[in-house]
Amino acid sequence: MLRSPRTLLSVTSAALLVAGLTACGGTTKDSNTNSGSGTQASAAADPNAALKEGLKIAFLPKQLNNPYSDVETGGGKVAVGELKGEYKLVGPNDASASSQVSYINTLIQQQQDVIVVAANDPNAVCPSLNQARAAKIKVITFDSDASKDCRDAFINQATTQGIGESLAKMALEQAGSDGGEIAVLSATPNATNQNSWIEVMKKELEKPDYAKLKLVKVAYGNDDDQKSFQEAQGLLQSYPNLKVIVAPTTVGIAAAARYISSSSYKGKVAVTGLGLPNQMREYVKDNTVTKFALWNPADIGYLAAYAGAAMASGQITGAEGEKFKAGKLGEYTIGANGEIVLGPPTEFTKENIDQFNF
Ligand code: RAM
């Protein structure tokens, strides 16, 4: 599929498109080359184009009051500074499906050059993201993807397959040789990222190596600390023989660990999944948690800003095989479906956790 078709159309066709787009009510800038459908002919990338200065790069995470998002967007801010651009951070206080739409509409009105968004729902954000693209704004998803016909590229923290496999593997290790019941404590039921990891995990669990594990429930704490805590509590009430809670969310794993660490289940029920070392340190030190994983969220935001700037400068369009430089992280190549993979996740244990500070 051809992607990111906006940059290098001829002046004439750009002008024609501007006329059409104004009619759709989108805010247009100097020229406009995208219908928002993701189906237009792709302009060529110019790998030698200079990175523009002064780009307006806005970050819209799943929600603002999540320490994970803070680290991610913190990395984005550093990159925007290096790029001499204008950084903006906006977002809702909850990760519900449609909570981001009004923010996207405002960013369009403000004529941002790049919107970097972690989609709370793959489809709910699509009409407004496509309006943004029609208004010549580059849309980069990070953390949690939107449907691929409404964004130009996706910064994936690690491969979806790799994350799902690692969650299954950690659950198996934590359950011990007898295996037993495991449960997932996820974020929101519509989160693209968690759902794709859980899907891979379930496929892994069908393999003979995992025959001793039984997934009894996928619960949702909505990336809300209190709700996640209560869901963890509820899991143990419903499944008193539970061996492992696997939480593929930093909010969920921290809440589950807090609950288990102060309950009679400590030492009997393991907690693993994806967590921030700084939030998990106390639970690793008190032996509630022996292993969990993550990537450096700051690097995702950093990479997203560089990808957005490269795209807004015409260096890349989002097509497979295009390359760009992401500052201190080095060179990246765009993969299939506009995906740019940050790198492999890191596993944290008592032995290495003090080497990490995020
Ligand atoms: C939570 C969010 C985020 C996810 C991390 C692992 O903070 O759900 O989207 O990437 O966990």
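All values derive from a computational prediction rather than experimental measurement. All ligand and atom numbering here is 1-based and tracks the order in the structure.
- Protein heavy atom in closest approach to atom 10 (O) of ligand 1: D143 OD1, 2.5 Å.
- Polar contact check, W197 against ligand 1: no nitrogen or oxygen pair lies under 3.5 Å apart.
- Proximity to Q194 (heavy-atom distance under 4.0 Å) selects the following atoms of ligand 1: 2 (C), 4 (C), 8 (O), 11 (O).
- Side-chain contact, Q157 with D143: a donor N or O sits under 3.5 Å from an acceptor N or O.
- Using a 4.0 Å cut-off between charged side-chain N and carboxylate O, R281 and D354 make a salt bridge.
- Considering backbone and side-chain N/O of W295, none are found under 3.5 Å from N/O of ligand 1.
- Of all the listed residues (V251, D223, T249), D223 holds the heavy atom that lies closest to atom 2 (C) of ligand 1.
- What sits closest to atom 1 (C) of ligand 1 on the protein, heavy atoms only, is T250 OG1, 3.3 Å.
- Salt bridge K243/D178: absent, no basic N to carboxylate O contact under 4.0 Å.
- Between F59 and F142, the distance from one ring center to the other falls under 6.0 angstrom.
- The pair E282-K285 fails the salt-bridge criterion, with no side-chain N (NZ, NE, NH1 or NH2) lying under 4.0 Å from an Asp/Glu carboxylate O.
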